[in-house]
Amino acid sequence: MTRPAPQSPPTTAPSAASPHDRSGVLPAQWDPAAMEGALYQRWVQAGYFTANPASDKPAFSVVLPPPNVTGSLHLGHALDHTLMDAMTRRKRMQGYEVLWLPGTDHAGIATQAVVEKQLAANGTTRHDLGRELFVDKVWDWVRQSGDTVRGQMRRLGDGVDWSRERFTLDEGLSRAVQTIFARMYADGLIYRAERLVNWSPVLQSAISDIEVTFADVEGELVSLRYGSLDDAEPHVVVATTRVETMLGDTAVAVHPDDPRYAHLVGTTLEHPITGRQIPVIADDYVDPEFGTGAVKITPAHDPNDFEMGRRHNLAMPSIMDTTGCITSTGTRFDGMDRFAARVAVREELARQGRVVKEVRPYLHSVGHSERTGEPIEPRLSLQWFVATSGLSRSAGDAVRDGRTTIHPRSQEPRFFGWVDNMHDWCISRQLWWGHRIPIWYGPDGETVCVGPDETPPSGDGWFQDPDVLDTWFSSGLWPFSTMGWPERTLELERFYPTSVLVTGYDIIFFWVARMMMFGLYAMESDTGGDGRNPEQSVPFGDVVLHGLIRDAEGRKMSKSRGNGIDPIEWMDTFGADAVRFTLARGANPGSDLSVGDEHAQASRNFATKLFNATRLGLLNGAVAGRLPERDGLTVADRWILDRLDAVVAEHDVLAERYEIGKAAELLYHFAWDEVCDWYLELAKVQLGRDGDEPTAPATRVVLGHVLDVLLRLLHPLMPFVTETLWTALTEQESVVVASWPCPSGHDPDPTAAQQVADLQALVTELRRFRADQGLRPSARVAARVSGLGAADLEPLTDALVALARLTE
RNA sequence: GGGCGCGUAGCUCAGCGGUAGAGCACCUGUCUUACACACAGGCGGUCGCCGGUUCGAGACCGGCCGCGCCCACCA
């Protein structure tokens, strides 16, 4: 393909060019990769994205869900960011004082794991380094890799307020963490207890319920016999998929009404391996219909058994250490890994003749650590918890009574199901990277919570709790900790609660519910529960949940599958605008979207189309000026202006409903099918070949206006091309700070619409006819070549009718 | 076991009461002075199945089949 070189110095246009040609201000073609960076730079330098809390404009605020500080953005983030950027850019143009607050998350487990892996490669461990040195090393890593995300966000065009960027472990946020911890501790909402928690032997740490994912696993169901081997003597058969836990059994349970076992309840049976006598107890929990109707009870290693152990005051011996090896059973299995022990114990029981029936393969659901992948082990340990019942009820109420609205509505049951059935949240992690628990223990068993402005107790025997807080504890404070809470800053005053939260539906539980719990609690505790309007307490008025990104075959993108798309590579190939538009166009609330290269190509083509359309305008001297009186306009002009009004109105409705996908679709088709395919062609006729038709001057203004408005409408989704084209067209500073289009207020002219529709039908018919005849298909060319430089469409229509007849 | 959602052109998806749509793919033309990252024309669907409501149903109701996701303490 050859294309004429750009006419580089626009001031010295060749003599052949029309006197109206203003196209010199545009580059020869749209080259996104080469131009986007400079545009972004200019926006930031101009301070367009910096919020001014002192302004008197209405506020619109969004906080960015903080990505992992050492991570990199994937396409899902790009979707997130595109939606937020589109919303904030539009609101800015509408005259709001916009704050889009960026930042990153310290991502406790993930970040620590990366650095530990690096250490492992050098043959050391964090324990070799010691806590302080290790944490220093993590900070080094954070500083070194933390720029990746920022760079990616600049590429995407995110209009965030960089001057307010935050990090969950920075000083201010740490202060917020300590403050709320101290308040909740004082209120009894944070407590320490020995509980059965999900334990990751790989991390050697507790994890919360939602960090466990269940997967069906083929295991073995072993039926084993407690008591005598003589059928005439007392015995009970129980079944288990984790035989090794029998080493920690302290009871066998049956249903109270089960006649088969009534005579055994209250007696004891000998443990076949430890030799201890364990009681047979009766409890309603046992389902007599299931299996043999008898269950082995391991209180320290199974949640149900733990509860039963509490009800019946059973001993709760732990039989595994932090790495998942058998310990303190006093048997030869001590020191064995849990999976090795599973086999060894089964073999031992078989040798004793205690494995009844055959061992059956058994498909059952096993909890795995989401982060590290290995099966979790329920383990009894001393941990810190948040008492969630009151907090989660408030969070649920906020949605129930409409202070916060979830979009789409269909996601609400999922939210309620979670907040209404929440277990207490285990917040302590046996890690080193994170907010250390602000609790100090004294030599005489004292426990002191140290607030942000207090000095920790010192002296012999005092020490701080070694654990750190779950990462989601600090991210749960994000909407207000980032604005300076607990200080009463101007930012909080102006921008909290935030206007809208945008995120994927997969983190409702991790994040959304917790922000609501914390936000409500923090704001109420600020005022002692009075003073403040409850509406001010929720962290956001709207929650917009988008779907997950899948590949062209509808599969989830993942590193292991290798089907992930790197947003940077995509932007290199198609441009940031195309990537953004592709994601936005697929963003139907709450539902997943599949994307592939062909979608990005279509979006890139659309950007090029806009470029060329604007170029046509500039070639013909289109200017964005005051529109002439409507009475003097042609049918085509009146029609396109009416359409423009309608599209502006329709787009606003969709955007306010967060129907970004449909809004994008609307603009795409309006721009392409109506503006480019019809209006531009009609405008050419009205301009005339030499630009000297009587209708030409008005057409230049209408054409300029249509392009101007169209570019402003598209700017939130495609900021880069629209900036380049709009500034060229209007010769104004930047479309970022242009005003948002509103309908003209004119009544639509149905006659014009009808006449254009008739014309379209006519031309289409003519084209079809000519195609059938194997003639040149272009009616518009025919029209012009036939000398139909019409002053209006009525004569044009007549002429086309004549022409159509002629061609027959 | 509970919750949510989905099954519409080859693929990805809109449409949610009134004569079947888009993008991509495919076929046929066309370098027409904004654009071949384009233009024009075309092929292609008994809208998962069965009932019902209605003058009229992808669209509303009931049932069924298939698929996906989330939650849940099935020994």
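Order of the sequence lines sets the chain letters (A, B, ...), proteins ahead of strands, with each chain counted from 1. Any value given below was found using the heavy atoms of this structure, including those in side chains, with hydrogens, waters and symmetry copies removed.
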Where do N or O atoms of nucleotides 69-75 of chain B meet protein N or O atoms at under 3.5 Å, pair by pair?
unit_1	atom_1	unit_2	atom_2	d
C73(B)	O2'	Asn304(A)	ND2	2.3
C73(B)	N1	Asn304(A)	OD1	3.2
C73(B)	O2	Asn304(A)	OD1	2.5
C73(B)	O2	Asn304(A)	ND2	3.3
A75(B)	OP2	Tyr362(A)	OH	2.6
A75(B)	O2'	Ala239(A)	O	3.3
A75(B)	N6	Asp287(A)	O	2.5
A75(B)	N6	Phe290(A)	O	2.9
A75(B)	N1	Asp287(A)	N	3.1

Would you mind checking if [Y] and [X] are paired as a salt bridge, meaning a charged N to carboxylate O distance below 4.0 Å?
| X | Y | answer |
| --- | --- | --- |
| Asp420(A) | Arg400(A) | yes |
| Glu220(A) | Arg346(A) | yes |
| Lys684(A) | Glu681(A) | yes |

**Residue whose nearest RNA chain B nucleotide is more 5′ - Ala613(A) or Asp592(A)** =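 Comparing both residues, the 5'-ward one is Asp592(A).
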Enumerate all atom pairs, one protein N or O and one N or O from nucleotides 22-28 of chain B, separated by less than 3.5 Å.
unit_1	atom_1	unit_2	atom_2	d
A22(B)	O2'	His669(A)	NE2	2.9

**Message:** Would the base of A34(B) count as contacting Lys684(A) through its side chain, where contact means a donor and an acceptor less than 3.5 Å apart?
**Reply:**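 Yes, a donor-acceptor pair under 3.5 Å.
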State which residues pass side chain to side chain donor-acceptor pair (under 3.5 Å) with [X]; sequence neighbours excluded, sorted by chain then number.
| X | answer |
| --- | --- |
| Ser208(A) | Glu211(A) |
| Asp673(A) | His669(A) |
| Glu377(A) | Arg242(A), Arg338(A) |

**Message:** Output the pairing pattern of RNA chain B as a dot-bracket string, 5' first, Watson-Crick or G-U wobble with both distances under 3.5 Å, | for cross-strand pairs, [ ] for crossing pairs.
**Reply:** ((((((((.[[[[.)..(..]]]].(((((.......))))).....[[[[[..)....]]]]])))))))....
**Prompt:** Does CZ in Arg195(A) sit with more than 12 non-hydrogen atoms of other residues, nucleotides or ligands closer than 6.0 Å?
**Reply:**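 Correct, the count exceeds 12.
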**Message:** Tell me whether the rings of His364(A) and Tyr362(A) are parallel (<30°), tilted (30 to 60°) or perpendicular (>60°).
**Reply:**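 Because their plane-to-plane angle lies in the 30° to 60° range, the rings of His364(A) and Tyr362(A) count as tilted.
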